[in-house]
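First the structure, in the form of structure tokens, and then the observations on it.
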There are 2 protein chains.
Amino acid sequence: MLANQGSTAKIVRPTTLRESVLERILELIIIGSLKPGQHLVENELADNLGVSRQPVREALQLLSGEGWVDLRPGHGAYVHSPTVEEADQLLAVRTLLEAESARLAARNPDKTDISDLRDICNRGLAACVADDVDAAVAANSELHTAVVNMSGNRVLADLTSQVARRVRWYHTPVARHRGRASWEEHAALIDAIEAGDEDVAADIMRRHTEHTRQSYLESRAQNPVEEPPAPIRRRRPRAVSG
Amino acid sequence: MLANQGSTAKIVRPTTLRESVLERILELIIIGSLKPGQHLVENELADNLGVSRQPVREALQLLSGEGWVDLRPGHGAYVHSPTVEEADQLLAVRTLLEAESARLAARNPDKTDISDLRDICNRGLAACVADDVDAAVAANSELHTAVVNMSGNRVLADLTSQVARRVRWYHTPVARHRGRASWEEHAALIDAIEAGDEDVAADIMRRHTEHTRQSYLESRAQNPVEEPPAPIRRRRPRAVSG
DNA sequence: TTGTCGTCGACTGCCTACAGCATACATTCT
DNA sequence: AGAATGTATGCTGTAGGCAGTCGACGACAA
């Protein structure tokens, strides 16, 4: 189901400089060392990372493809900073995608997958009781990932991940952890998947992610971030066919 | 995410070389001059386009972000060639996204938008009757684009476009035009949107795109493409949070 | 004070060149 | 003959450098 990481290990990764630069910049963005809206000067990054500008440039291009940074031709790269509106739309789409994942997962539930889910759920609940926020967040993330992978639709999984990334949860930590109620919803979800109740599973997931969305929006309303002037992105519209 | 093209027109486009190279390569891919699975040698492209390798490289990186080409570190870029499985999954996701678009469009229908839809629909039907396949395909594309835009969710529109692009319809032209029945479905869809029938609109769109999916798959089953060895994509799994 | 112009600094975009692999072929050994 | 190894070639990855361009700041005029 999930690309088996085991076999991938066999492949010799020609771990290019560009890739490692990409990872490091990404890390800096995630931990918040590079703030949303910040201008990423190629020379600075190159110097700090001890490489030339070229790998940095290419890493930035790749990051833009994943929605982490925005490219303004002639101006350089800026850390992507989703507006409230965009975050709202992203979360709406996420709800849609994850609900479908839950539906597909329930369509042909797998015994081992289910038991994995239960393990994760138990760990998450334990972490929640122990007030270990980090562990709870990790388990939560793990669980959602497991469900989308169970859908069997890799495209769906990819898009979900992409969409979730672009929300930038880390800037509103409050929303990442809604406590015990969240885990009860998870448990109910697993039950529905195990029972093969497509509609129920989808509905639970939908409401669950909708809760998260509300949490996020409220959290963001309380901690308003100054919205930097929207970078001029030059996207060309492509027709939809069919 | 999709910049409004109207205001963009005013902005002086610092049309970089990389961007024009990107457009030209994209065109070559679309018209089929560069075939799926083909190895894109940077030097060749650079020579043919009369530029250096650098802009070509960067254009390829950007194209990889949009799913047009696959990058194999140390090997270069290859025109993306979706497997039947991937195309199937893409179309499944497209169904999901477009059905939601139709739902949202029906949630707050706009008079002028509706009349635009009808115009497009009439043109499409006329083209269909006149056996003008190109015009019919264009109208079809236009209509779907209009509906996703009516959803008011830019992220949704963007993702839909992205997903649709990755299917590569042009390699199975048969599936792009299902004739008159398709336009009757469109007409019904517009009625539902105008009436504000969310569920009906979503359902019509779902079945409509599902038809297209079936068409595509059958068409591809009849014209099997030799599947090139899957390039080793190095996707790093990212956690989903929330 | 406000609007306009010109200069300056900084950064990006692009080019050329070199180094490092990967693949394919030729060669040698068993 | 078959397998393993050496070699050659083509391509990618990276470095460094130059020119063009954008934005900011300050000077000058209304």
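Lettering of chains follows the sequences in order, A, B, ..., and the numbering in each one begins at 1.
The nucleotide whose nearest atom lies closest to any side-chain atom of A:Arg18 is, among C:dG13, D:dT14, C:dC15, D:dT14. Set against C:dT12, C:dG13, D:dT12, the side chain of B:Val41 has D:dT12 as its closest nucleotide. Picking from D:dT12, D:dA15, C:dC11 the nucleotide with the shortest atom distance to the side chain of A:Val51 gives D:dA15. Nearest to the side-chain atoms of B:Pro55 among the listed nucleotides C:dG13, C:dC14, D:dT12 stands C:dC14. Side-chain proximity of A:Leu17 to the nucleotides C:dC15, C:dT12, D:dA15 is greatest for D:dA15.
Checked options B:Thr160, B:Thr209, B:Thr212; the residue passing with B:His144 is B:Thr209 (criterion: side-chain contact (heavy atoms from CB on, under 4.5 Å)).
Counting non-hydrogen atoms under 4.0 angstrom, A:Arg53 reaches a base of the nucleic acid. Residue-level contact check: A:Leu60 touches neither bases nor backbone, having no heavy atom under 4.0 Å from any strand.
For the pair A:Gln54 CD and D:dG13 P, the computed distance is 12 Å after rounding to whole Å. A straight line from CZ of B:Arg72 to P of D:dG10 spans 19 Å, rounded to a whole angstrom. Distance B:Glu42 CD to C:dT16 P: 15 Å, rounded to the nearest Å. The distance from atom CG of B:Leu40 to atom P of D:dG13 is 13 Å, rounded to the nearest whole Å. The CG-P distance, from B:Leu62 to C:dG13, rounds to 10 Å in whole Å. In this structure, CG of A:Asp47 is placed 14 Å from C1' of C:dA10, rounded to the nearest angstrom. In this structure, A:Asn43 places its CG atom 13 Å from C1' of D:dA15, rounding to the nearest Å. The nearest whole Å value for the distance from the CG atom in A:Leu45 to the C1' atom in D:dT14 is 17 Å.
Judged purely by distance below 3.5 Å, without hydrogens or angles, the side chains of B:His80 and B:Glu66 never pair a donor atom with an acceptor atom. Residues A:Asn153 and A:Ser151 have side chains that never bring a donor and an acceptor to within less than 3.5 angstrom of each other.
We find that A:Arg213 and A:Glu210 are joined by a salt bridge, their nearest charged nitrogen and carboxylate oxygen being less than 4.0 Å apart.
Under 4.0 angstrom from either OP1 or OP2 of C:dA22 there lies no side-chain N or O belonging to B:His75. At the phosphate of D:dG13, OP1 or OP2 sits under 4.0 Å from a side-chain N or O atom of B:Arg57. The side chain of A:Ser52 places an N or O atom within less than 4.0 Å of a non-bridging phosphate oxygen (OP1 or OP2) of D:dA15.
Between the B:Thr145 side chain and the B:Ser141 main chain, a donor and an acceptor come within less than 3.5 Å of each other.
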